[in-house]
Trainee: 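Take a look at the following structure, please.
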Amino acid sequence: MGFAEQRFNVNLSILFTELPLLERPAAAAAAGFTAVELWWPWIDTPTPERSELDALKKAIEDAGVRLTGLNLYAGRLPGPDRGALSVPGEESERFRANIDVAAGFAHSLGCRALNALYGNRVDGVAPAEQDALALENLVLAAHAADRIGAVLLIEALNAPESPHYPLVSAPAAVGIVDKVNEATGLGNAKFLMDLYHLAMNGEDLPAVIEAYTAKTGHVQIADSPGRGAPGTGTLPLEDLLDQLDKAGYDGWVGLEYKPGDRPSAESFDWLPRRPSDRKAPPS
């Protein structure tokens, strides 16, 4: 199958960051992409002013691209935080305040995937206490996602870059997916399979794909080491995406890599042809 037949979208929180946020959707469209995804763009607030939400919505619509994924509030990301939902106190409350705001924004753009980063372990708080809080908050988020016809994504990160994050393997993240689905009965919690993070953890990627594709709601890629574009590291990304396709994954593949020391628009030279030439996946 190869790269030419994959359905790529661009993460505008790591690519095109040399531009102001409201200019990035148009830049992605100019580069040939038809879909984008975002980390929560307002790291200082889970509840931005309506005017800010409306401005971003208009920028996405005017660019003619589709928003296919949105992170729920995750604290300072990029930065030291890796989510808020398992962090007791103010951060957990901020996450809860964000759920309906993020879901409403996603719904207004037809976005059907919300990503909920679990959050770091906190000194002085028992892991079991954090896990209980996390499940409560993920259940709330899963219900909100269900109301807009979306899936709730749960992601494994990598231990070298996120040493305080507890979900640093595919089985750990899928275990939380199963707990959320058991608690809600909705079945809309899914695994976010980020091949870069899993590679950094030293996991057997073909085995992960074989075991967990059926529970996967989204895939993200970057090469490893370095988190650069495909071809800058050693991962056989083309082969891995082919395996995912054969295993039944037909969704978007998010480009979540660093462009390096060049403008983002120049970092797509590994693509055989423009993403807009490819068939979009089922909505």
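Side chains included, hydrogens not; waters and symmetry mates left out as well; all remaining heavy atoms used. Because the structure is a prediction, the values reported are computed rather than measured.
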Trainee: Say whether Leu72 and Leu186 are linked into one hydrophobic cluster, either directly or through other cluster members, by side-chain heavy-atom distances under 4.5 angstrom.
Mentor: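 The answer is no; the residues belong to distinct hydrophobic clusters.
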Trainee: For His143, is the NE2 atom crowded, meaning more than 12 foreign heavy atoms sit under 6.0 Å from it?
Mentor: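 More than 12 within 6.0 Å, yes.
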Trainee: If only side-chain N and O atoms count, and only distance matters, is there a donor-acceptor pair under 3.5 Å linking Asn201 with Ser169?
Mentor: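 The answer is no; no qualifying pair exists.
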Trainee: Consider only side-chain heavy atoms of I, L, V, M, F, W and Y, link residues closer than 4.5 Å, and tell whether Tyr196 and Leu12 are in one cluster.
Mentor: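 Looking at the clustering, Leu12 is in a separate group from Tyr196.
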Trainee: How about Pro88 and Leu133: do any of their side-chain heavy atoms sit closer than 4.5 Å?
Mentor: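 In contact.
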Trainee: Quick one: which of Leu56, Val10, Asn115 gives a side-chain contact (heavy atoms from CB on, under 4.5 Å) with Leu38?
Mentor: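 The option that passes is Leu56.
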Trainee: I want to check something: taking the side chain as every heavy atom from C-beta on, are Tyr249 and Val219 in contact at a cut-off of under 4.5 Å?
Mentor: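 Yes; the side chains approach each other to less than 4.5 Å.
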Trainee: Kindly write out the residues that satisfy side-chain hydrogen bond (donor to acceptor under 3.5 Å, both in side chains) with Asp131, not counting sequence neighbours, or none if the list is empty.
Mentor: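 side-chain hydrogen bond (donor to acceptor under 3.5 Å, both in side chains) check on Asp131 returns Tyr118, Arg121.
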Trainee: State, with a plain yes or no, whether a side-chain heavy atom of Leu241 is found less than 4.5 Å away from one of Asp245.
Mentor: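 Answer no - side chains too far apart.
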Trainee: Consider only side-chain N and O atoms of Tyr257 and Arg227, and report whether a donor and an acceptor are under 3.5 Å apart.
Mentor: no
Trainee: Walk me through it: do Leu140 and Arg96 pass the test side chain to side chain contact (heavy atoms under 4.5 Å, CB included)?
Mentor: CA-CA 8 Å; Leu140 293 173; Arg96 292 190 183 197; 4.0 Å; yes
Trainee: Tell me if the CD atom of Glu210 is crowded by more than 12 foreign heavy atoms within 6.0 Å.
Mentor: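 For Glu210, atom CD is not crowded (no more than 12 foreign heavy atoms under 6.0 Å).
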Trainee: Given side chains that start at C-beta, do those of Val208 and Pro206 come closer than 4.5 Å, heavy atoms only?
Mentor: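 Of all side-chain heavy-atom pairs linking Pro206 with Val208, none is under 4.5 Å.
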Trainee: Measure up the Phe16 and Phe268 rings against each other and bin them: parallel (under 30°), tilted (30 to 60°), perpendicular (over 60°).
Mentor: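 Ring orientation of Phe16 relative to Phe268: tilted.
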Trainee: Does some side-chain heavy atom of Leu77 sit less than 4.5 Å from a side-chain heavy atom of Trp40?
Mentor: no
Trainee: Is there a path from Leu153 to Leu157 through hydrophobic residues (I, L, V, M, F, W, Y) whose side chains come within less than 4.5 Å of each other?
Mentor: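 Per the 4.5 Å side-chain linkage, Leu153 and Leu157 are not co-clustered.
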Trainee: Could you tell me whether the side chain of Gln220 reaches within less than 4.5 Å of the side chain of Val253, counting heavy atoms only?
Mentor: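 When only atoms from C-beta onward are counted, Gln220 and Val253 do not touch, as no gap falls below 4.5 Å.
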Trainee: Applying a strict under-4.5 Å side-chain criterion to I, L, V, M, F, W and Y, I'd like to know whether Leu244 and Leu235 cluster together.
Mentor: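 Yes; Leu235 is reachable from Leu244 via cluster members.
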Trainee: I'd like to know if Lys179 and Glu182 make a salt bridge, using a cut-off of under 4.0 Å between side-chain N and carboxylate O.
Mentor: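 No salt bridge links Lys179 with Glu182.
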Trainee: Is it true that a side-chain atom of Ser108 and a backbone atom of Phe105 form a donor plus acceptor pair closer than 3.5 Å?
Mentor: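 Checked: pair present.
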Trainee: So which heavy atom on Ala156 is nearest to which on Leu198, and how close?
Mentor: CB-CD2, 4.1 Å
Trainee: To check you understand the geometry: which heavy-atom pair defines the closest contact between Ala142 and Asn188, and what is its length?
Mentor: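 Result for this residue pair: O-ND2, 3.0 Å.
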Trainee: Quick one, His218 and Thr68 - any side-chain contact, counting heavy atoms below 4.5 Å?
Mentor: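 Side-chain contact under 4.5 Å: no.
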Trainee: Stepwise, does the salt bridge (charged side-chain N to carboxylate O under 4.0 Å, His left out) test hold for Asp250 with Arg7?
Mentor: CA-CA 8 Å; Asp250 62 358; Arg7 297 168 290 268; 5.4 Å; no
Trainee: Could you go step by step and tell me if Arg94 and Glu91 meet the salt bridge (charged side-chain N to carboxylate O under 4.0 Å, His left out) rule?
Mentor: CA-CA 5 Å; Arg94 287 161 73 87; Glu91 281 299 275; 3.2 Å; yes
Trainee: Does the ring centre of Trp270 sit less than 6.0 Å away from the ring centre of Phe3?
Mentor: yes
Trainee: Under 4.5 Å between any side-chain heavy atoms of Glu93 and Asn98, yes or no?
Mentor: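 A side-chain contact is absent here, since even the closest heavy-atom pair is not under 4.5 Å.
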Trainee: Are Trp42 and Val87 connected into the same hydrophobic cluster when the rule is that any two of I, L, V, M, F, W, Y join if their side-chain heavy atoms are below 4.5 Å apart?
Mentor: no
Trainee: Ion pair present between Arg262 and Asp269, side-chain N to carboxylate O less than 4.0 angstrom?
Mentor: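 Yes, Arg262 and Asp269 are salt-bridged.
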Trainee: For Asn11, which residues count as a side-chain hydrogen bond (donor to acceptor under 3.5 Å, both in side chains) partner, sequence neighbours excluded?
Mentor: Glu37, Glu256
Trainee: Could you tell me whether Lys258 and Asp223 have a side-chain N and a carboxylate O separated by less than 4.0 Å?
Mentor: no
Trainee: Could you pull out all residues at least two apart from Asn120 that satisfy side chain to side chain contact (heavy atoms under 4.5 Å, CB included)?
Mentor: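 With neighbours one apart ignored, the set is Arg82, His164, Tyr165.
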